[in-house]
Amino acid sequence: MSVLTASNVSKVYQRFRTDLHRIAHHLGAGAAPTETVHALADVNVRVAAGECLGLIGRNGAGKSTLLKICAGVLAPSSGTVERAGRTAAILELGLGFDFELTGRENVMRAAAMMGLSHAQIVERVEAIKDFTEIGEAFDRPMRTYSTGMKMRVAFSVATAWQPEVLFIDEALSVGDAYFQHKSFDRLLRLKDQGCGLIFVSHDENAIKTLSDRVLLLDEGRTIQ
């Protein structure tokens, strides 16, 4: 069973001399863009339940753009994406967090945005705190956190409940070796329970440890 299917996905970015030129172009007034960048061109992705797909390629190849489109954070210029059930994502670290709130408050808010009920969140929040292993800092503002601490919170809340598909963009690369190993163990358990994973990484060890197969991107196109 597929948990994600992306069909003929393309993403085009256009630059204009001014915002007025951009508006005029979209209204059909004929203002031409100064530059057109094809970030993705007719990419197809299919991920089955319990499968991990690694997205690899050089910087600028389109990996993160594809991941964000698959996760629903970006809209494709053309093509379609179908996702089965509940999803979770760890994309740009700090994305969706309010750094003036505590780790606990951010966990509560992030879990609510994932569709969990208040009772479900309260039931699991202490286990999330324990998994982060950041101690009393969990109840301090996130503006006081290191990058690694933010990653621990983001990973812990995204994986605290079983999603049908999980998206990860390089997040594990900022953690220490101990927490990376701990995270891999959790991801492998999620896979065994039927979660589909899609992740971007330049870490060869992470690719070998988690991926069932890889998709190589180059200049927005897949390399067979």
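We use all heavy atoms of the structure for the numbers below, so side chains are in, but hydrogens, waters and symmetry mates are not. This is a predicted model, so every value here is computed, not measured.
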Leu74 reachable from Leu4 in the ILVMFWY side-chain graph, under 4.5 Å edges
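Yes, because Leu4 and Leu74 connect within a single hydrophobic cluster, where side-chain heavy atoms sit under 4.5 Å apart.
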Determine, using the 4.5 Å side-chain heavy-atom cutoff (strictly less than), whether Val12 and Val37 are members of one ILVMFWY cluster.
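Cluster IDs for Val12 and Val37 differ.
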Has the side chain of [X] got a donor or acceptor atom that lies under 3.5 Å from a matching backbone atom of [Y]?
| X | Y | value |
| --- | --- | --- |
| Arg83 | Cys70 | yes |
| Lys63 | Gly57 | yes |
| Lys68 | Leu91 | no |
| Asp212 | Cys52 | yes |
| Glu164 | Thr87 | no |
| Ser201 | Ile207 | no |
| Asn106 | Asp98 | yes |

Would you indicate whether the side-chain heavy atoms of [Y] and [X] approach each other to under 4.5 Å?
| X | Y | result |
| --- | --- | --- |
| Phe97 | Val153 | yes |
| Gln162 | Cys195 | yes |
| Ser211 | Phe199 | yes |
| Arg46 | Asn44 | no |
| Arg140 | Thr102 | no |
| Leu166 | Leu187 | yes |
| Lys11 | Pro76 | no |
| Glu51 | Arg213 | yes |

Is the count of non-hydrogen atoms from other residues, nucleotides or ligands lying under 6.0 Å from [X] atom [atom1] greater than 12?
| X | atom1 | result |
| --- | --- | --- |
| His181 | NE2 | no |
| Arg17 | CZ | no |
| Glu219 | CD | no |
| Arg124 | CZ | yes |
| Asp19 | CG | no |

For the student: nearest non-hydrogen atoms of [X] and [Y], plus distance:
| X | Y | answer |
| --- | --- | --- |
| Gly62 | Leu40 | O-CD2, 3.6 Å |
| Asp169 | Ser64 | OD2-OG, 2.8 Å |
| Leu67 | Ile168 | CD2-O, 3.4 Å |
| Ala89 | Ala158 | O-CB, 4.3 Å |
| Ala88 | Met114 | CB-CE, 4.2 Å |
| Val9 | Thr80 | CG2-O, 3.7 Å |

Option from Ile56, Thr65, Leu66 for which side chain to side chain contact (heavy atoms under 4.5 Å, CB included) with Leu217 holds:
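Exactly one option meets the side chain to side chain contact (heavy atoms under 4.5 Å, CB included) with Leu217, and it is Leu66.
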Can you measure from [atom1] ([X]) to [atom2] ([Y]) and round to the nearest 0.5 angstrom?
| X | Y | atom1 | atom2 | answer |
| --- | --- | --- | --- | --- |
| Met113 | Arg109 | CE | CZ | 6.5 Å |
| Glu82 | Ser2 | CD | OG | 9.5 Å |
| Thr132 | Lys150 | OG1 | NZ | 15.0 Å |
| Ser183 | Ile90 | OG | CD1 | 7.5 Å |
| Met142 | Met149 | CE | CE | 8.0 Å |

Pairs involving residues 102-157, ordered by first then second residue, that meet ring-ring contact (aromatic ring centres under 6.0 Å, His included) (sequence neighbours left out)
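Residue pairs passing ring-ring contact (aromatic ring centres under 6.0 Å, His included), neighbours aside: Phe131-Phe179.
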Any Lys/Arg nitrogen of Glu136 or Lys129 sitting under 4.0 Å from an Asp/Glu carboxylate oxygen of the other?
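Salt bridge absent between Glu136 and Lys129.
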Pair Leu116-Arg86, side chain to side chain contact (heavy atoms under 4.5 Å, CB included): steps then yes or no:
CA-CA 10 Å; Leu116 281 304; Arg86 190 170 61 82; 4.1 Å; yes
Walk me through whether Leu101 and Met108 qualify under side chain to side chain contact (heavy atoms under 4.5 Å, CB included).
CA-CA 10 Å; Leu101 299 180; Met108 300 286 286; over 6 Å; no
Stacked cation flag Lys182 on Tyr178, 6.0 angstrom / 45 deg:
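Geometry flag: not set, cation outside 6.0 Å or 45°.
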